[in-house]
There are 2 protein chains.
Amino acid sequence: MDRKVTTIQDVARAAGVSTATVSRTLAKPSVVAKTTREAVLTAVAETGYRVNATASNLRRQRTGSVIVLLPNIANPFFAQILAGLASVLTPAQYGMLIADTQSGPDPDERLTHYLTSGQADGLVLLDGTLSPEALEIPGRPPVVMACEWMGRDLPSVRVENGRGAAMAVGHLARLGHRAIGHVTGPQGNVLAETRLKGFRGAMEAIGLPLHEEWILEGDFTMDSGAAAARAWLTMEDRPTALFFASDEMAAGFMGLVQRAGIRVPQDLSIVGFDNIEIAQHLSPALTTIRQPRTHIGVRAAELLLSMIETGTRTGPSEVIEVEFIPGGSAGPPPPARS
Amino acid sequence: MDRKVTTIQDVARAAGVSTATVSRTLAKPSVVAKTTREAVLTAVAETGYRVNATASNLRRQRTGSVIVLLPNIANPFFAQILAGLASVLTPAQYGMLIADTQSGPDPDERLTHYLTSGQADGLVLLDGTLSPEALEIPGRPPVVMACEWMGRDLPSVRVENGRGAAMAVGHLARLGHRAIGHVTGPQGNVLAETRLKGFRGAMEAIGLPLHEEWILEGDFTMDSGAAAARAWLTMEDRPTALFFASDEMAAGFMGLVQRAGIRVPQDLSIVGFDNIEIAQHLSPALTTIRQPRTHIGVRAAELLLSMIETGTRTGPSEVIEVEFIPGGSAGPPPPARS
DNA sequence: CCTTCCCATGCAAACGATTACATGCTGGTC
DNA sequence: GACCAGCATGTAATCGTTTGCATGGGAAGG
């Protein structure tokens with residue numbers, strides 16, 4: 001029966017029309033007469049015809065898919081952004097191709113590869129550590145960055161990172177903390193740097209002393225949060241509160257210091273960033289800054305689709321609001337010793 | 001310059017050969033003479049030619065991509081499996097298309113769609129709740145299931161779920177627990193049912209009493225773990241230990257009972273399943289059963305690729321070992337009251 | 001020197017759709 | 001009745017590759 005795939009020719013024969021009419025019936029039903037339209041649709045149903053996407057794409061000079069390039073697929077942080085992207089791309093009939101920049105030897109080379117391979121009509125870039133030069137390819141498809149950003153001409157969708165940091169510091173200061181530290185993201189990462197700058201700015205604005213040794217470097221992972229915890233435990237003069245550039249680091253830190261007998265928030269206050277799912281299920285629940293990741297994905301996808309449709313290479317960037325999420329991990333500082 | 005894309009014709013002209021030779025040079029370099037091969041490669045480099053994947057796929061009757069169909073993209077549990085899949089598919093020059101079954105109205109319809117749309121050469125299925133009938137499509141591409149399974153003819157890659165449950169129960173029993181409960185995954189899920197069966201089997205084998213009211217239903221999420229915690233807190237006769245069908249539920253449960261003043265493991269012992277990243281960063285670290293998710297993804301991808309290459313629709317299933325991960329969340333039961 | 005064979009290459013037909021352009025028909029207007 | 005407009009449909013070129021078959025030339029063997 002269905003041994004060979006049915007083509008548009010088969011449908012045309014069955015309906016007694018030309019292939020052109022079949023194609024038109026499926027693409028713009030309004031231009032064909034009602035009777036023929038019905039005949040064609042019946043023939044389609046009978047033969048079980050499905051249009052061959054590859055052939056269609058070849059003729060229409062498009063691919064029908066979008067590549068999402070992220071630093072590391074295994075990082076659950078991106079899962080929700082992917083969900084947001086998919087919720088827009090799927091209804092718009094675009095496939096979502098996932099690739100990461102870490103698995104190969106040269107991340108920039110991967111980007112170039114995907115930009116020139118013609119495998120996609122557009123690209124969503126979630127890795128801000130790539131070099132902007134890799135994007136300077138004539139005739140490349142449109143690119144949108146999400147979460148991170150670089151250069152000024154590349155459209156991006158991101159949150160108010162600096163303001164989030166300021167909200168965290170402000171909250172801790174209002175609780176009475178004066179000795180506030182920060183655990184950063186990886187050096188060279190624009191998110192990490194912006195949050196650090198936001199932290200410094202807020203400390204200065206409030207008039208709190210800034211101890212450079214209270215700024216610990218992390219890389220957004222739980223393990224690096226735990227490493228920061230080990231460093232904090234050995235400090236002679238410890239900050240009474242810490243703002244983390246990511247919830248993952250905050251969680252890794254909190255777990256380790258709790259196992260070392262430190263009480264949160266009685267001995268130490270903690271504020272994270274992102275509001276990942278586990279945050280509210282920790283004990284105590286994590287006080288954090290919410291970053292609406294699904295929404296970021298949605299907006300990035302919408303932006304990219306509009307660029308694909310209009311053929312633009314550049315577009316407006318969008319900055320999305322953050323929200324303060326109170327938890328139990330931040331409280332008043334312990335009474336001063338000595 | 002690069003206004004129009006360069007085609008194989010341009011390269012052929014530049015190298016002074018036919019398009020056939022160019023194609024052969026790129027596909028099987030061994031069949032063309034050394035001198036011509038070099039001339040072609042030079043021309044390719046000069047013109048910046050990239051083969052048009054769509055045209056190539058059309059001619060070769062393939063798509064060069066694989067669809068991964070999962071219940072919910074936002075679930076971080078799948079992120080590591082995706083990483084495993086990608087680590088095999090990318091080097092093999094296959095694109096990885098991601099789609100979920102939840103976003104549309106009818107999950108089965110989505111599966112049918114992807115099986116018939118001819119958008120992929122193969123499909124990795126991570127959702128075992130779909131009906132097997134949806135797979136009975138003549139001429140469909142090969143399908144491999146990962147983590148879950150259904151039917152007997154569909155190849156799958158999964159872990160020893162029953163054995164993992166038995167390991168958990170055995171550990172708790174050796175610590176002295178006799179009152180052991182279980183929080184299950186969602187009804188109808190094959191993983192949930194197998195782990196539940198493993199739990200019942202182990203309890204019986206060891207000779208421990210089974211209280212049906214100590215078997216709480218969850219759905220693998222942290223929220224459902226928290227809900228189970230609320231139920232446990234209201235129980236008059238509480239189990240002293242709980243085995244959870246997922247780490248997420250265990251984490252959600254532990255957070256809530258800890259905030260209610262319960263001490264883990266002094267008052268209650270907890271064992272999870274999966275060994276998600278957060279497990280070892282909780283306080284106490286979660287005792288759990290490790291499921292090597294990256295490896296599952298790797299094996300599933302390898303299996304699928306071999307099926308694509310050989311044109312088989314069926315293949316061997318594979319069951320991967322689990323590993324007991326000791327943590328701090330399981331300890332001896334509290335001394336009996338009254 | 002003549003076969004025979006094989007190797008490297010070219011020719012041209014697919015792959016399956018879309019769409020600009022041509023055509024034929026219907027119906028309205030003067 | 002002639003003419004024109006406009007609509008529905010058909011014809012055929014095209015998208016960029018891959019690959020079965022044909023071809024030509026050189027080497028090897030007699």
Side-chain angles (χ1 to χ4, degrees), chain A residues 2-41 43-44 47-65 93 116-121 139 141, chain B residues 2-41 43-44 47-65 93 116-121 139 141:
Chain A
D2 261 351
R3 273 287 128 263
K4 318 206 92 32
V5 271
T6 68
T7 75
I8 201 171
Q9 318 274 0
D10 303 326
V11 179
R13 206 172 305 120
V17 297
S18 75
T19 62
T21 302
V22 177
S23 179
R24 277 190 283 254
T25 307
L26 268 21
K28 331 189 210 136
S30 60
V31 304
V32 310
K34 186 154 178 271
T35 51
T36 37
R37 190 194 317 151
E38 282 162 1
V40 170
L41 292 179
V44 166
T47 55
Y49 170 71
R50 312 265 346 212
V51 356
N52 179 316
T54 309
S56 171
N57 288 337
L58 173 59
R59 175 61 228 242
R60 293 163 61 198
Q61 297 285 78
R62 46 160 266 163
T63 69
S65 48
Q93 302 269 59
T116 54
S117 67
Q119 284 181 67
D121 301 328
Chain B
D2 260 351
R3 270 290 130 262
K4 319 206 97 19
V5 270
T6 68
T7 74
I8 200 171
Q9 319 273 359
D10 303 326
V11 180
R13 207 172 305 121
V17 297
S18 74
T19 61
T21 301
V22 177
S23 178
R24 279 190 280 254
T25 307
L26 267 22
K28 329 191 210 128
S30 60
V31 304
V32 310
K34 185 151 179 274
T35 50
T36 36
R37 189 193 318 152
E38 281 161 1
V40 170
L41 292 178
V44 166
T47 55
Y49 170 71
R50 310 268 343 216
V51 355
N52 179 318
T54 309
S56 172
N57 288 337
L58 173 59
R59 175 59 228 244
R60 293 163 60 198
Q61 296 285 79
R62 48 160 268 165
T63 69
S65 47
Q93 302 269 60
T116 55
S117 67
Q119 283 183 67
D121 300 328

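Residue numbering restarts at 1 for every chain, and letters A, B, ... go by the order of the sequence lines.
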What is the distance, rounded to the nearest whole Å, between atom CD of B:Gln9 and atom C1' of D:dT18? 12 Å
Over how many whole Å does the gap from B:Arg50 atom CZ to D:dG16 atom C1' extend? 15 Å
Judged by atom type as modelled, is there a donor-acceptor pair below 3.5 Å linking the side chain of B:Thr47 to the main-chain atoms of B:Ala43? yes
From CG of A:Leu26 across to P of C:dG16 the rounded distance in Å is 16 Å
Residue pair B:Leu26 / B:Leu41, side-chain heavy-atom distance below 4.5 Å: yes
Closest to side chain of B:Arg60, choosing from D:dT19, C:dT19, D:dT17: D:dT19
A:Tyr49 has a side chain; which of C:dG16, C:dA17, D:dG10 sits nearest to it? C:dA17
Interatomic spacing from OG in A:Ser56 to CD in A:Gln61 - rounded to 0.5 Å: 11.5 Å
May I ask you to evaluate whether A:Ser56 reaches the phosphate of C:dT18, defined as a side-chain N or O under 4.0 Å from OP1 or OP2? yes
Between B:Asn52 (CG) and C:dA17 (P), how many Å, whole number? 17 Å
From OG (B:Ser18) to CZ (B:Arg13), nearest 0.5 Å: 12.5 Å
Audit row: A:Gln119, A:Ser65, side chain to side chain contact (heavy atoms under 4.5 Å, CB included) steps and yes/no: CA-CA 7 Å; A:Gln119 284 181 67; A:Ser65 48; over 6 Å; no
Per atom distances to the B:Ala20 side chain, the nearest of C:dA17, D:dT19, D:dG16 is D:dT19
Polar side-chain atom of A:Asp10 near backbone of A:Thr7 as donor-acceptor pair, under 3.5 Å: yes
When all nucleic acid strands are considered with a 4.0 Å heavy-atom cut-off, which category describes A:Thr36: base, sugar-phosphate, or nothing? sugar-phosphate
Scan A:Ala33 against the nucleic acid and name what it touches under 4.0 Å (heavy atoms): base, sugar-phosphate only, or nothing. sugar-phosphate
Can you check the B:Arg24 CZ to D:dG20 P distance for me, whole Å? 10 Å
Please pick, from C:dA17, D:dT9, C:dA12, the nucleotide with the shortest atom-to-atom distance to any side-chain atom of B:Thr19. C:dA12
Quick one: A:Arg62 CZ to D:dG16 C1', roughly how many Å, whole number? 17 Å
Roughly what angle, to 10°, lies between the helix axis at the start of the helix from C:dC1-D:dG30 to C:dC30-D:dG1 and the one at its end, five pairs per end? 50°
It should be established whether A:Thr54 places a side-chain nitrogen or oxygen under 4.0 Å from OP1 or OP2 of nucleotide C:dC15. no
Report the distance from atom CD of A:Gln61 to atom C1' of C:dT18, rounded to the nearest whole Å. 11 Å
Expressed as a whole number of angstroms, how long is the span from A:Lys34:NZ to D:dA8:P? 13 Å
Output, in order, the C-alpha distance, side-chain angles, deciding distance and verdict of side chain to side chain donor-acceptor pair (under 3.5 Å) for A:Asn57 and A:Thr63. CA-CA 5 Å; A:Asn57 288 337; A:Thr63 69; over 6 Å; no
Of A:Thr21 and B:Leu58, the one whose nearest nucleotide on DNA chain C sits closer to the 5' end is B:Leu58
Can you see if the side chain of A:Ser18 gets near the phosphate of D:dT11 - specifically, an N or O under 4.0 Å from OP1 or OP2? no
Counting any heavy atom closer than 4.0 Å, what does A:Ser23 reach on the DNA or RNA strands: base, sugar-phosphate only, or nothing? base
At what distance, to the nearest 0.5 angstrom, does CZ of A:Arg59 lie from CG of A:Asn52? 14.5 Å
Which nucleotide in the list C:dG16, D:dT17, D:dA12 gets nearest to the side chain of B:Arg59? D:dT17
